[in-house]
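The structure appears right after this line, and notes come after that.
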There are 2 protein chains.
Amino acid sequence: MTPQRELVFRAFFELGDHVTVDELYDKVKEKDKSVGYSTVWRNLKLICKVGLAEEVNIGDGVTRYDRVTQVPHGHFFCVECKSLTEFSVDQIVGVLAQSANDHKFVPEAFKIEIRGLCQQCQNKKTSLNTKEEVRD
Amino acid sequence: MTPQRELVFRAFFELGDHVTVDELYDKVKEKDKSVGYSTVWRNLKLICKVGLAEEVNIGDGVTRYDRVTQVPHGHFFCVECKSLTEFSVDQIVGVLAQSANDHKFVPEAFKIEIRGLCQQCQNKKTSLNTKEEVRD
DNA sequence: AAGCTAAATGAAAACGATTTTCAATTTCAA
DNA sequence: TTGAAATTGAAAATCGTTTTCATTTAGCTT
Ligand SMILES: [Mn+2]
Ligand SMILES: [Mn+2]
Ligand SMILES: [Zn+2]
Ligand SMILES: [Zn+2]
């Protein structure tokens, strides 16, 4: 256990969910400017390897890292503001496990993502439309 | 409409699901060696833009392209042999839509993935274990 | 058919996130 | 304290993706 490793681990759990390597790197640098990017990257991978985090890929070319939670959760991804929020998938996982079983597939993990518009972005669009209507 | 574009479109629909750019490029080259990689890439993006395909990201660093189907489907991803197979998600989508609604989230698309072991890879592991038991 | 313009192409380079290399440093067990 | 093994930081390599740009082509207008 090196001081750098401890910094990275601490920073990861302080930052919370859906962290990118760059975000973690910046956070670590707040405490110690001298820590290298590769060290942050390697230790983040290590956090994954020991099962404390897992990669989340929303398809924007940047891997995010999510704390592994006791209860599984799904992700709402807003295509407008790119926000990523979580929701419970208790019942859904049951149905999925059944599906897997039906197909003789042994599940290890479930990835559930809903893309769409978050509430804020819906409001923005609505107010825009209203303005346009007034203009007409 | 150029001959290259037609080749790319045809090749994509011949190849079927979960195609990578490289796979499509190879397929197109079977018909015409002179077609450039960028042309294949651009036309594949075009196929997406017009709504005939969508990107699938299983987190292995390679984007795959899936035909858009009338009925939504989920993916089984075998972590052993990396195979990607499809399954029906009729009921699940209903539950997810309800979840989205509960959170005032307007859904556009659902991504459902189950990672684990396909039947073949289960068998391989079982037979390996059996051999080990015999050895002991 | 010829001319024109916008669109498409192919080769190459640029890009950017991720991963590896390697010499130097540090940890930790003996 | 000593030495082997692990870790670090800087730099470079990797690799899928995307852009650039000079050239060609498609598809309209005479
Ligand atoms: Mn999450
Ligand atoms: Mn599919
Ligand atoms: Zn939003
Ligand atoms: Zn398999």
Side-chain angles (χ1 to χ4, degrees), chain A residues 1-12 15 17-50 52-66 75 77 79 82 84 111 113, chain B residues 1-13 15 17-66 75 77 79 82 84 111 113:
Chain A
M1 177 60 63
T2 61
Q4 294 95 329
R5 175 161 296 170
E6 181 164 349
L7 277 180
V8 173
F9 272 64
R10 283 192 188 285
F12 175 72
L15 275 177
D17 296 325
H18 315 138
V19 183
T20 65
V21 183
D22 284 2
E23 287 166 359
L24 185 58
Y25 179 52
D26 290 344
K27 184 79 177 176
V28 169
K29 279 214 153 178
E30 288 177 12
K31 305 281 181 182
D32 182 349
K33 281 289 223 177
S34 72
V35 178
Y37 182 91
S38 7
T39 299
V40 173
W41 180 81
R42 279 186 294 237
N43 280 304
L44 186 45
K45 286 284 177 179
L46 180 63
I47 293 174
C48 291
K49 199 167 288 177
V50 299
L52 293 173
E54 61 186 3
E55 300 191 351
V56 176
N57 214 304
I58 53 177
D60 67 342
V62 188
T63 303
R64 292 170 183 281
Y65 294 82
D66 208 1
H75 290 130
F77 176 67
V79 295
K82 320 295 183 201
L84 198 57
K111 302 220 166 189
E113 179 191 321
Chain B
M1 177 58 63
T2 60
Q4 294 95 329
R5 176 161 294 170
E6 182 164 348
L7 277 180
V8 173
F9 273 63
R10 283 193 188 285
F12 176 72
F13 290 106
L15 275 177
D17 295 325
H18 316 138
V19 182
T20 65
V21 182
D22 285 1
E23 288 166 358
L24 185 57
Y25 178 51
D26 290 344
K27 185 77 177 178
V28 169
K29 279 214 153 181
E30 287 177 13
K31 304 283 181 181
D32 182 350
K33 281 287 223 177
S34 72
V35 178
Y37 182 91
S38 8
T39 298
V40 172
W41 180 81
R42 279 186 293 239
N43 280 304
L44 186 47
K45 286 284 177 179
L46 181 62
I47 293 173
C48 291
K49 199 166 288 176
V50 299
L52 293 174
E54 62 186 4
E55 300 191 350
V56 175
N57 216 304
I58 52 176
D60 67 342
V62 188
T63 303
R64 292 172 182 279
Y65 295 81
D66 208 359
H75 290 129
F77 176 66
V79 296
K82 318 297 183 199
L84 198 57
K111 302 220 166 189
E113 179 191 320

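What separates NZ of A:Lys45 from P of C:dT18 is a distance of 8 Å, to the nearest Å. The CD atom of B:Glu55 sits 7 Å away from the P atom of D:dT18 (whole-angstrom rounding). Rounded to whole Å, atom C1' of C:dT18 lies 17 Å from atom CG of A:Leu46. Between the P atom of D:dG16 and the CG atom of A:Asp60 lies a distance of 19 Å, rounded to the nearest Å. The distance between atom CZ of B:Arg42 and atom C1' of C:dT9, rounded to the nearest whole Å, is 6 Å. When rounded to the nearest whole Å, the span between OH of A:Tyr25 and P of C:dA17 equals 14 Å. Summarising the geometry, the separation between CZ on A:Phe9 and C1' on D:dT8 is reported as 15 Å, rounded to the nearest angstrom. Distance B:Lys29 NZ to C:dA11 C1': 11 Å, rounded to the nearest Å.
Of the candidates D:dT17, D:dT8, C:dT19, the closest approach to any side-chain atom of A:Asn43 belongs to D:dT8. Of the candidates D:dT17, D:dA26, C:dT9, D:dT17 carries the atom nearest the B:Tyr37 side chain, counting heavy atoms from C-beta on. Taking only side-chain atoms of A:Met1, from C-beta outward, the nucleotide of C:dT18, D:dT8, C:dC28 with the closest atom is C:dC28. Side-chain proximity of B:Gln4 to C:dT9, C:dA12, D:dT17: nearest is C:dT9. Set against C:dG10, D:dT18, C:dT27, the side chain of A:Thr2 has C:dT27 as its closest nucleotide. Among the nucleotides D:dG9, C:dT27, C:dA8, the one closest to the side chain of B:Arg5 is C:dA8.
Residues B:Val21 and B:Thr63 are not in side-chain contact: their nearest non-hydrogen atoms beyond the backbone lie 4.5 Å or more apart.
Atoms CZ and CG, from B:Phe12 and B:Leu52 in turn, are 8.0 Å apart once rounded to the nearest 0.5 Å. A:His18 NE2 to A:Glu23 CD: the interatomic distance, rounded to the nearest 0.5 Å, is 11.0 Å. In this structure, CG in B:Asp60 is found 9.5 Å from OG1 in B:Thr20, a value given to the nearest 0.5 Å.
Under 3.5 Å, the side chain of B:Ser38 and the base of C:dA11 form at least one donor-acceptor pair of N or O atoms. With hydrogens and angles ignored, no donor-acceptor pair under 3.5 angstrom links the side chain of B:Arg64 to the base of D:dT17.
Proximity of B:Thr20 to the phosphate of D:dG16: no side-chain N or O atom is located under 4.0 Å from OP1 or OP2.
Using a 4.0 Å heavy-atom criterion, one finds that A:Ser34 contacts the sugar-phosphate atoms exclusively.
In this structure a side-chain-to-backbone donor-acceptor pair under 3.5 Å is missing from A:Lys33 to A:Glu30.
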